[in-house]
Each structure stands twice: as C-alpha cells, then as structure tokens.
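Note: hydrogens, waters and symmetry copies are ignored here, and every other heavy atom, side chains too, is used. Whatever order the structure lists ligands and atoms in, that order sets their numbers, starting from 1.
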Amino acid sequence: MNSNTQLSLFEESNFNQKDLIPTDGKITIPAHTYTTMTELTQHCENCHRCGLSENRTHAVVGRGNLQAKIMIIGEAPGQQEDETGLPFVGKSGQLLEKILASVDLKRETDVYICNIVKCRPPENRVPTPDEMAACKPYLLEQINLVKPKIILLTGATAVKGITGNKQGITKIRGQWMEWEGHLCMPIFHPSYLLRNPSKEKGSPKWLMWQDIQAVKAKFDQLSANS
Ligand code: URA
C-alpha cells in the first residue's frame, strides 16, 4: 500500500457511517456526539436502531432556523414527509404554518421543526415506546444544537416522548412546564385541529388560538431581553 492509499483511509467517505451507530436502539448515543446538524442528519439517514428504518424513503430530521428560539416537536413523519425528507409538509404542516403566521411567526426564521421519531411508522400509527427510545438520542442532540428557549410539544406523543408525562393533551395544553432548563408548552397537534374544524369559543381551534398568543407573548418577551 503506498502512502497516498494509506492516507485516503482517513478520508471521511471511507468510514462506513452505519458501523458507527449502535444498531441496538437500547444502547444510547452519548450526548454531544454531533457538533453539527449535518453530521446528525447523515447518521439518521444511515440509522438502523429500530424497525422503522426498513420502510423509509427518507429519514426526516428537521427544518427551519438552527438558531431559532422556538423548537416545535411533532410525532412522526407521514407519507409526504417520508417522500420529501422534510417535516410537516402535508396538511398538518400547512395548518401549522397558518397558526404560526397568525401571530407573525415565520416557519423558516423563527422556528425549528422536528419530530419524536425520524422515520415514518407504517400506516401512520403512533410510534412504539421502543421506537421513541431508539430515536430519542437524536432529538436530545438536536435540542443541544439548536438550544431553543421555548419548546412546543404538539400532541400527547410529543409530550410523552420528551418528558415521559402520559397525561392527556386536553388536560395539559396551554400550560408552561419546565423540562431540562427549557420552557415547554404542550399544544394540540394540528391533525387534531383538522379533525375538529369548529372555531367556537372553547373548541380545540379556539384554544390553540389562545395558546399561540401566549407563545408569541413569551417569544416577544425573550426577544426583548436578549
Ligand atoms: N405530523 C407530525 O407529527 N410530523 C410531521 O412531520 C408531519 C405530520
């Protein structure tokens, strides 16, 4: 082997990324493994820590501003997300964008959006506890990298996946809670609002309007102080 060949062994392209990721979802990935979202994304695209990897077209890691003050965490990619590799691009995503726009928050600059699991569950079923646990190190790394001041947890699965709190979303939505130094608010998942279109006072949509205004007020307060 000449010296050029030997040196080329140290080029990144010669590492098999898959070999570097513990394929047993029960073995965690240590905190601060990733220094950039690009590295993390490469690992997610080669990840086999749970069975969801078998049917994915794309791992759906996240989108938005990597320095955003607000992180929005959903449940799991759906069909369109799996096809495009981007979270919240389907009907739920369009509604989420409208909700943000209603208080002048912009999806591309003010928020970073991701999910509890990065691969689409079959038939859009809820991810299992094992799937959520296998994927959680990636999410914790994303939180470490973005360092959001506010985390919005959309729906009960997002709340459970992050905090372990199993309470129903109707009970806890709109309440600020602290988790690992981050201010979190559980909110309804946009797909729930699509199934409940009433805007009557007290309806899910009306409650979301109250919640997003509270989020915007906190965002403005934090922006004024920084
Ligand atoms: N629902 C989610 O929770 N996440 C997505 O990315 C799309 C729909």
**OP:** Flag Phe88 as yes when one of its N or O atoms lies below 3.5 Å from any N or O atom of ligand 1, and as no otherwise.
**Re:** yes
Original post:
Does any N or O atom in His189 lie less than 3.5 angstrom from one in ligand 1, N or O only?
Top reply: yes
Original post:
Please, which pairs that meet salt bridge (charged side-chain N to carboxylate O under 4.0 Å, His left out) have at least one residue in residues 204-226, sequence neighbours excluded?
Top reply: Arg173-Asp211, Lys216-Asp220
Original post:
Hey, which atoms in ligand 1 end up nearer than 4.0 Å to a heavy atom of Pro87?
Top reply: 6 (O)
Original post:
Which of the atoms in ligand 1, numbered in the order shown and given with their element, are less than 4.0 Å from a heavy-atom of Gly74?
Top reply: 3 (O)
**OP:** Among all protein heavy atoms, pick out the one at the shortest distance from atom 4 (N) of ligand 1; state its residue, atom name and that distance to 0.1 Å.
**Re:** Asn115 OD1, 2.8 Å
Original post:
Got the closest protein heavy atom to atom 5 (C) of ligand 1, with its distance?
Top reply: Ala76 O, 3.4 Å
Original post:
Nearest non-hydrogen atom to atom 3 (O) of ligand 1 belongs to which of Glu75, Lys118, Gln79?
Top reply: Glu75
Original post:
Side chains of Glu39 and Thr35: do they bring a donor and an acceptor to under 3.5 Å?
Top reply: yes
**OP:** Can you sort out the partners of Arg49 under side-chain hydrogen bond (donor to acceptor under 3.5 Å, both in side chains), two or more places apart, ordered by chain and number?
**Re:** none
Original post:
Which atom pair, heavy atoms only, marks the closest approach of Ala133 to Pro137?
Top reply: O-CD, 3.4 Å
Subject >> Shared hydrophobic cluster, Val159 / Val126 (ILVMFWY, side-chain heavy atoms < 4.5 Å) >> reply: no
**OP:** Check whether more than 12 heavy atoms from other residues, nucleotides or ligands sit under 6.0 Å from atom CD of Glu200, and answer yes or no.
**Re:** no
Original post:
Does ligand 1 have an atom under 4.0 Å from some heavy atom of Gln80?
Top reply: no
